[in-house]
Amino acid sequence: MTSLAKRVLVFGAAGQIGSYLCWRLAEEGHLLVSQYRTRAALHGILIQANLFNRNETVEVIERACLELGGLDVIVNCIGDFLYKPLLDNTPEEFESIIHSNLIISQQILHYGSKKLTDQGCGVIIGFGYDPLAWDRPKKKILAYQIAKLSQRLLFEGYREAFAHLRFELIEFQLSEVSAAQPDASLGVEVTSLDSIWKRVREAVNR
């Protein structure tokens, strides 16, 4: 570990954005703990956990602190995506999207802020989407839209409540999802991933 290396916990490390960021963070010599749900991540100390159980969120943060001797950065890459006509959304699907994109985000902010406060400093990084893209309801991703708009308010609230910490919500635009692929995952082009990485790198090293 170099003098500039940070101790980083990445939630959702096996997804497209998470795995890319873990690779870049590892390349720069940061110490990583990578949380994943069903697919193993490739970098750092690996922790499998299902964050739909809030107790596991706490356990991941506590274990990461034990493994690394503390934390400097928490990165939340979790967020399921559903592209489906509004009237075809079941209540269970709607609830699941809200939970993965908003409730889990709040849990990470809540427990992560307390842990970083014990150390006196740190940064929590999350991902949202450009508010200029939300000029009207998007009926095929409405649950997702509601969660991400609410997440912006969450970050603003935590910034005010924990002035000694930093909360970075990195916002970018959704790539186009084809109506012919109703179950398509959120797709981000490599060029966009590079752009996201630059912003994450700046937040980590600031």
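The shown structure was predicted, so the numbers you read here are calculated from the model rather than taken from an experiment. These numbers come from the heavy atoms of this one structure, side chains and all, not from hydrogens, waters or symmetry mates.
In this structure, the side chains of V73 and L9 stay at 4.5 Å or more apart for every pair of heavy atoms. Side-chain contact between I98 and I146: present, with at least one pair of heavy atoms (C-beta onward) separated by less than 4.5 Å. Within the 4.5 Å cutoff, no side-chain heavy atoms of N76 are placed close to those of I74. N89 places a side-chain heavy atom less than 4.5 Å from the side chain of L82. With contacts defined as side-chain heavy-atom distances shorter than 4.5 Å, the pair L25/W197 qualifies. You'll find the side chain of V123 stays beyond 4.5 Å of the side chain of V75, heavy atoms only.
Taking E56 as the reference, A49, N50, L51, N53, E59 meet the side-chain contact (heavy atoms from CB on, under 4.5 Å) condition, with sequence neighbours excluded. In terms of the side-chain hydrogen bond (donor to acceptor under 3.5 Å, both in side chains) criterion, residue partners of T117 (sequence neighbours excluded) are, by chain and number, H164. Partners of Q48 according to the side-chain hydrogen bond (donor to acceptor under 3.5 Å, both in side chains) rule, which considers only residues two or more places apart in sequence or in another chain, do not exist here. Residues forming a side-chain hydrogen bond (donor to acceptor under 3.5 Å, both in side chains) with R54 (at least two apart in sequence, or on another chain): none. In this structure S113 satisfies the side-chain contact (heavy atoms from CB on, under 4.5 Å) test together with I124, Y158, F162, L165, F167, sequence neighbours excluded. Partners of E27 under the salt bridge (charged side-chain N to carboxylate O under 4.0 Å, His left out) rule, at least two apart in sequence or in another chain, are R24. When the side-chain contact (heavy atoms from CB on, under 4.5 Å) test is applied to I47, the partners found at least two apart in sequence or on another chain are V33, V60, R63. Every side-chain contact (heavy atoms from CB on, under 4.5 Å) that D118 has, sequence neighbours left out, goes to K115. Remark: R199 pairs with no residue by the side-chain hydrogen bond (donor to acceptor under 3.5 Å, both in side chains) rule, at least two apart or across chains. Every residue meeting the salt bridge (charged side-chain N to carboxylate O under 4.0 Å, His left out) condition with R166, not counting sequence neighbours, appears here in chain and number order: E168.
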Problem - Candidate pair R7 and E67, rule side chain to side chain contact (heavy atoms under 4.5 Å, CB included), full reasoning - result: CA-CA 10 Å; R7 300 164 296 182; E67 294 282 1; over 6 Å; no

Problem - side chain to side chain contact (heavy atoms under 4.5 Å, CB included) between V204 and I125, worked out - result: CA-CA 9 Å; V204 168; I125 301 170; 4.0 Å; yes

Handout entry: Steps toward side chain to side chain contact (heavy atoms under 4.5 Å, CB included) verdict (S100, F52)
Key = CA-CA 7 Å; S100 71; F52 278 78; 4.1 Å; yes

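A donor-acceptor pair under 3.5 Å is absent between the side-chain atoms of S34 and the main chain of A13, judged by distance alone. Under the 3.5 Å distance criterion, the side-chain polar atoms of K148 are matched with a main-chain donor or acceptor of F127. For the pair H30 (side chain) and K6 (backbone), a donor-acceptor distance under 3.5 Å is present. Although no hydrogens or angles enter the test, the distance criterion places a donor-acceptor pair under 3.5 Å between the side chain of N101 and the main chain of D80.
For L32 against H43, the heavy-atom pair with the smallest separation is CD1-CB, 4.0 Å. For the pair Q119 and C65, the tightest heavy-atom approach, listed with the atom from each and the gap, is OE1-SG, 4.4 Å. Shortest non-hydrogen contact noted between R37 and Q35 is N-NE2, 3.9 Å. Closest approach of A14 to Y36, counting heavy atoms only: CB-CB, 3.9 Å. The heavy-atom pair separating V10 from C77 by the smallest distance is CG1-SG, 4.1 Å.
Judged as a salt bridge (Lys or Arg N to Asp or Glu O under 4.0 Å), the pairs with a partner in residues 86-111 (not counting sequence neighbours) are, in order, K84-E93.
For the atom pair CD1 of I104 and CG of L109, the computed distance is 12.0 Å after rounding to the nearest 0.5 Å. For the atom pair S105 OG and F11 CZ, the distance stands at 10.5 Å (nearest 0.5 Å). We find the OG1-CD distance between T57 and Q107 to be 4.5 Å, quoted to the nearest 0.5 Å. Atom-to-atom distance recorded for L21:CG and I196:CD1 is 7.5 Å, nearest 0.5 angstrom. Once rounded to the nearest 0.5 Å, the distance linking OG of S19 with CG of L193 reads 8.0 Å. The distance from the CG atom of L116 to the CD1 atom of I61 is 8.0 Å, given to the nearest 0.5 Å.
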